[in-house]
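Right, one structure below, let's go through it.
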Amino acid sequence: MAERKRRKQTRKDAQKRTLAGVAILLVCSMAVIFAVQIMILRTIGSYDKDIIIDGVSIGETDVSGMTAEEAKSAVESAAQAYAGVELVLSLDDGRQGTVTLGDLGLSVKDLDSIVQEAADYGKKGNSVENYKILKSSEAGTNSKVFQIEYQVTEKSAEDGLNACLGSQLKKPVNARLTQAEGKTQLIEDEPGEVLDLKKTVASINELIGGDWDKKGGTVKAEVSYEDAQIVSEDLSGITDVLGSYSTYYGDGDEGRTMNVESGAQHVGGTLVQPGEEVSVNALMEPYTEENGYAMAASFENGEVVDSMGGGICQVSTTLYNALLLSEVEITERYAHSMLVSYVEPSMDAAIADDVKDLKFRNNKEDPIYIESVLSDGNVGFNIYGKETRPENRSIEFESETIETTESDEIRYVATDDYIGAMYTSSSAQEGLTAQLWKIVYEDGEEVSRDTVNYSQYNGSAETISVGTASDNEEDTEKMNAAIETQDEDQILAAIEEITEGSSEE
């Protein structure tokens, strides 16, 4: 019995020693693992997290030792090597154009995330794998390439695509009304073509994405269709002519002719909804060469000066009278500073940048449409709508001069004529006050007479042109100084002094 107890105790002691040994072994293993992990983490931590390790490329660009920002810049710079690659954009019917990838805004797809992935390579994720990568980098045996794809976006490519094909696309044509053989004719609208950016860009990216050979090619461009701003349905119920008026602008100054015709074309084709107010100045501006205008004479502060768009007031004046005859509500109108020749006093409507404007509101229950007509030196407007006025009712407008003021002022202006030339270049013009009457008739009998507006016009001085040209610069300066005094005696004295001095020589 005692022997059995000793053997049992011996086995227990052996088991305890075994367990103790295993425990010691585990502790040692964990210590080793911990120590290794600490070493790995220290190794990883010794690398700058913002610097890409050696042996890393993004696409074809070696970005070793670069920051993320530097790597991005380097990859973008490398992409510019392909900016000059040309693509042929082709439409179904054979129309085509050529554009460079640079013009389309060539870029690297998801570049920010790729650069960040390159910066994190060997530093984030599995520490053991990262340790191997870093040791490989230190040994110069690391070779990691982050693949890239090239792309263009709808935003970056829009301008380039439109420049390439825009001029070849069919523009929408508005429906319009016109007069033919005494009747109103409706001209149908035509839809226009619009480049389908989404589909076209997708086709381009299909070519340059993935394993692109870095060469150009032909890409199918897609178009969609858009309706005109004014379609036939918009005009079908408003074909009655409510009022028409025209004035003669002649075949005079080329710049003024251009301005009248351009201004009329900008106003023509306007559809105005019930209750809508329209600024005529807004329809015609900007007054630039690109918008069809040129320098020509106009009124400014009571004087005639050259300005861009000079002559557009004849357009607004002609429209004003057509609107009056159509009994469309005029909400803003100004008279010229001086009388104009193409209409009676108080029948004009001046335009002057943001200072003077002609505005009207469609006070009808239906839309109105404005047609401009240019023919044989005449500018005219037809106002179309739905006629609701009684057939036995008619209207007319009458200009009445209330007061006139004679002008005895004389103005002297310098010219390029030689000194000694002095002549009247324009006569004095009287100033006056006028009013415009609206007279309504029923069955030919006057039933009302109301004042539409009062207008006041300044007189203008008689203009005397005085020559200042001379081979002697001092004589020209002396002549200009005399003209600035606006004193006839001083001007005549200067002419006499200069011309007599020249005779003596």
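It should be emphasised that the depicted structure is a prediction, and the values quoted were computed from it without experimental measurement.
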Name all residues meeting the ring-ring contact (aromatic ring centres under 6.0 Å, His included) criterion together with Y342; count only those two or more places apart in sequence or in a different chain, and write none if there are none.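 In terms of ring-ring contact (aromatic ring centres under 6.0 Å, His included), with neighbours along the sequence ignored, Y342 is linked to no residue.
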
N259-S262 side chain donor-acceptor pair, cut-off 3.5 Å: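 There is no such pair between these side chains.
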
Pair Q116, D120: side-chain N/O donor-acceptor within cut-off below 3.5 Å: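 Side-chain D/A pair, Q116 to D120: present.
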
Once you measure the plane-to-plane angle for Y369 and Y384, does it fall in the parallel (<30°), tilted (30-60°) or perpendicular (>60°) bin?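 Geometry flag for Y384 against Y369: tilted rings.
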
K215, NZ: over 12 other non-hydrogen atoms inside 6.0 angstrom: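 12 or below, so no.
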
Does NZ in K386 sit with more than 12 non-hydrogen atoms of other residues, nucleotides or ligands closer than 6.0 Å?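 It does not: K386 NZ has 12 such atoms or fewer within range.
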
Looking only at atom types and distance, does a side-chain atom of [X] sit under 3.5 Å from a main-chain N or O of [Y], one as donor and one as acceptor?
| X | Y | answer |
| --- | --- | --- |
| R333 | D348 | yes |
| K124 | A119 | no |
| S136 | K132 | no |
| N362 | V272 | yes |
| D54 | S64 | no |
| E387 | R389 | yes |
| N321 | T317 | yes |
| N162 | E158 | yes |
| S73 | E70 | no |

Please list every donor-acceptor pair under 3.5 Å in which a side-chain atom of residues 278-287 meets a protein atom from a residue at least two apart or in another chain.
{"residue": "S279", "atom": "OG", "partner": "N281", "partner atom": "N", "Å": "3.4"}
{"residue": "S279", "atom": "OG", "partner": "A282", "partner atom": "N", "Å": "3.0"}
{"residue": "S279", "atom": "OG", "partner": "D357", "partner atom": "OD2", "Å": "2.5"}
{"residue": "N281", "atom": "OD1", "partner": "Y287", "partner atom": "OH", "Å": "2.6"}
{"residue": "N281", "atom": "ND2", "partner": "E285", "partner atom": "OE1", "Å": "3.4"}
{"residue": "N281", "atom": "ND2", "partner": "D353", "partner atom": "O", "Å": "3.1"}

